[in-house]
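What follows is a short report on a single structure.
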Protein chains: 2
Amino acid sequence: MLRVPMISKIEEEVFTPRQQAVLTAALDLLVENGDGLTMTAVARRASCSKETLYKWFGDRDGLLTATVQWQAAKVRMPQVNRSGLNAKALRASIEQFARDLLTVLIGEISITLNRTAVTHAAQEKDSLGAIVLENGPMAIRRRLKPILEAGRDARLLRFDNSEDAYRTFFGLVVRDVQIRLLLGDKTLTQINVEANIEADVQTATDQFFALYGADKTQ
Amino acid sequence: MLRVPMISKIEEEVFTPRQQAVLTAALDLLVENGDGLTMTAVARRASCSKETLYKWFGDRDGLLTATVQWQAAKVRMPQVNRSGLNAKALRASIEQFARDLLTVLIGEISITLNRTAVTHAAQEKDSLGAIVLENGPMAIRRRLKPILEAGRDARLLRFDNSEDAYRTFFGLVVRDVQIRLLLGDKTLTQINVEANIEADVQTATDQFFALYGADKTQ
DNA sequence: GCAGAACCGTACCGTACGGTACGCCTGCGT
DNA sequence: ACGCAGGCGTACCGTACGGTACGGTTCTGC
């Protein structure tokens with residue numbers, strides 16, 4: 001089972017352009033056909049031989065892992081400026097996080113990756129789940145927490161535990177949208193949600209400040 | 001494809017005790033082995049013949065659907081008393097809903113059903129997703145909404161849209177717990193969460209009232 | 001007690017798919 | 001010019017599993 005240099009489950013791998021083309025094909029198939037991804041289909045779609053797939057990725061699971069990892073790592077949300085720390089800038093930052101989070105979560109790619117990872121987790125294989133978690137919620141958390149704490153230091157926010165504050169933020173923003181999309185809720189199409197993103201972001205931000213803002217008159 | 005009387009995807013089916021034993025076996029296997037459920041395994045576990053399985057449930061999907069539906073329908077959370085509508089009773093009701101919701105969601109059976117349904121939804125088959133949604137979040141919603149609206153009528157709560165209020169409640173209670181469990185997050189075991197249910201329920205309820213309570217001094 | 005239905009256990013079939021082997025082509029270094 | 005590594009396409013193998021068939025056994029109604 002030869003394998004492209006892998007440093008760790010979390011660390012990024014380096015893929016040649018050709019390999020990335022293969023991974024793109026795999027992701028496309030994943031989006032189209034769900035987890036019914038077959039090696040033959042990937043090989044045909046990417047115009048490569050199955051033998052190459054096995055040489056590069058070891059086995060089906062390796063290909064799946066590489067695909068998920070590569071795609072998940074591509075979700076690089078714009079860094080939010082942390083310098084200006086007045087109330088307005090803080091609110092803008094939080095709002096931007098909410099927007100980023102929601103936008104990513106309702107995307108087809110995110111849905112697909114999460115579904116794949118959940119399916120994977122249902123078979124005592126949680127590596128994909130860890131990757132998705134790490135590059136999704138956890139990535140946002142890592143970047144949001146310092147902002148929250150800076151906001152607290154500036155007496156703009158109040159909370160005991162930044163972890164709890166983050167998780168409440170997550171809940172206010174995501175609500176039941178993600179689980180419903182994952183379950184294929186027909187009454188909640190991406191388009192439908194997309195149209196309301198801005199309003200939902202505003203509401204969630206308002207609510208977050210209502211709960212954690214230092215200015216209680218807000 | 002003979003089939004036990006089925007009225008609709010949502011309607012409950014009637015199963016004989018023997019059939020329920022089969023479904024129990026299927027669920028057990030689902031909990032143990034994830035979606036790697038095979039007809040042979042179910043037949044062996046339930047001490048019945050595969051032919052019987054096909055006779056009763058049509059095909060693998062039918063068995064899966066019957067299992068999910070049967071189990072999901074069993075989640076009957078205690079009805080909350082709606083009569084006393086003072087602030088205290090209202091808060092107790094909301095709290096109870098939060099507790100029920102969280103308790104169900106973190107259970108192994110719920111995790112399994114949701115994972116199965118998500119996997120199923122990844123293959124253009126959303127019937128299981130619909131069933132889980134219907135018996136999970138939607139069931140709670142149906143029962144919570146009247147309470148919320150009664151609370152509003154009694155001037156104890158304030159909101160424009162009971163749907164939004166419900167979804168915010170959902171977010172405050174569930175936060176990132178469900179998706180992390182579905183993804184197999186090792187740092188968030190059921191036991192771990194279970195220990196904090198009561199505190200989380202209190203917090204969520206406090207936050208809900210802070211956002212939607214008519215008494216803003218609270 | 002008997003006919004027939006329901007059901008168990010098992011053997012069997014077909015197929016889909018993971019994984020391997022191999023022949024051929026292409027490009028590149030010497 | 002030549003060899004060879006890398007890679008394509010395809011054929012192939014083994015197996016697991018969905019689905020069916022069938023003989024034997026228990027249950028039920030008459």
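Note that the coordinates shown come from a computational prediction; the quantities given were computed from them, not determined experimentally. All chains are named by letter (A, B, ...) in the order of the sequence lines, taking the proteins before the strands, and each is independently numbered beginning at 1.
- A:L53 comes within contact range of no nucleotide atom at all, as no heavy-atom separation falls under 4.0 Å.
- Look at CZ on B:F57: it is 16 Å from P on D:dT20, rounded to the nearest Å.
- For the residue pair B:D206/B:Q202, the side-chain donor-acceptor check at 3.5 Å is not satisfied.
- Looking only at distances, a side-chain donor or acceptor of B:Q20 sits under 3.5 Å from a matching main-chain atom of B:F15.
- A ring-ring contact (aromatic ring centres under 6.0 Å, His included) with A:F169 is found for exactly one of A:Y212, A:F97, A:F208, namely A:F208.
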side-chain contact (heavy atoms from CB on, under 4.5 Å) between A:T203 and B:T168: does it pass, once the steps are laid out?
CA-CA 10 Å; A:T203 304; B:T168 300; 5.7 Å; no

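- Taking a 4.0 Å limit (strictly below) on heavy-atom distances, residues 118-126 of chain B does not reach DNA chain C anywhere.
- With hydrogens and angles left out, the side-chain atoms of B:S162 and B:E149 include a donor and acceptor closer than 3.5 Å.
- Contacts classified as salt bridge (Lys or Arg N to Asp or Glu O under 4.0 Å) and involving residues 191-201 of chain B (residues at least two apart or in different chains) are given here: B:R99-B:E198, B:R175-B:D200.
- When each of B:T40 and A:S47 is assigned the nucleotide of DNA chain D with its nearest heavy atom, A:S47 is the one assigned upstream, toward the 5' end.
- A sub-4.0 Å separation between OP1 or OP2 of C:dC8 and a side-chain N or O of B:T52 is present.
- Atom-to-atom, NZ of B:K50 to P of C:dC13 comes out at 14 Å; the value is rounded to the nearest Å.
- When the side-chain nitrogen and oxygen atoms of B:R60 are compared with OP1 and OP2 of D:dA16, none of them lie within a distance under 4.0 Å.
- As rounded to whole Å, 5 Å separates atom P of C:dG19 from atom CG of A:D59.
- The distance from atom CZ of B:R45 to atom P of C:dG9 is 15 Å, rounded to the nearest whole Å.
- Put simply, B:W56 has a side-chain N or O that comes within less than 4.0 Å of OP1 or OP2 on C:dC7.
- The separation between A:K55 atom NZ and D:dG9 atom C1' is 15 Å, rounded to whole Å.
- Of the inter-residue distances, the one linking A:K145 atom NZ with A:Y166 atom OH reads 9.5 Å to the nearest 0.5 angstrom.
- Between A:M39 and A:E51, the one whose closest nucleotide on DNA chain C sits nearer the 5' end is A:M39.
- A sub-4.0 Å separation between OP1 or OP2 of D:dC17 and a side-chain N or O of B:R44 is absent.
- Within the 4.0 angstrom heavy-atom criterion, no nucleotide atom of any strand lies near A:L63.
- Projected onto DNA chain C by closest heavy-atom contact, A:S49 and B:S49 fall at different nucleotides, the more 5' of which corresponds to B:S49.
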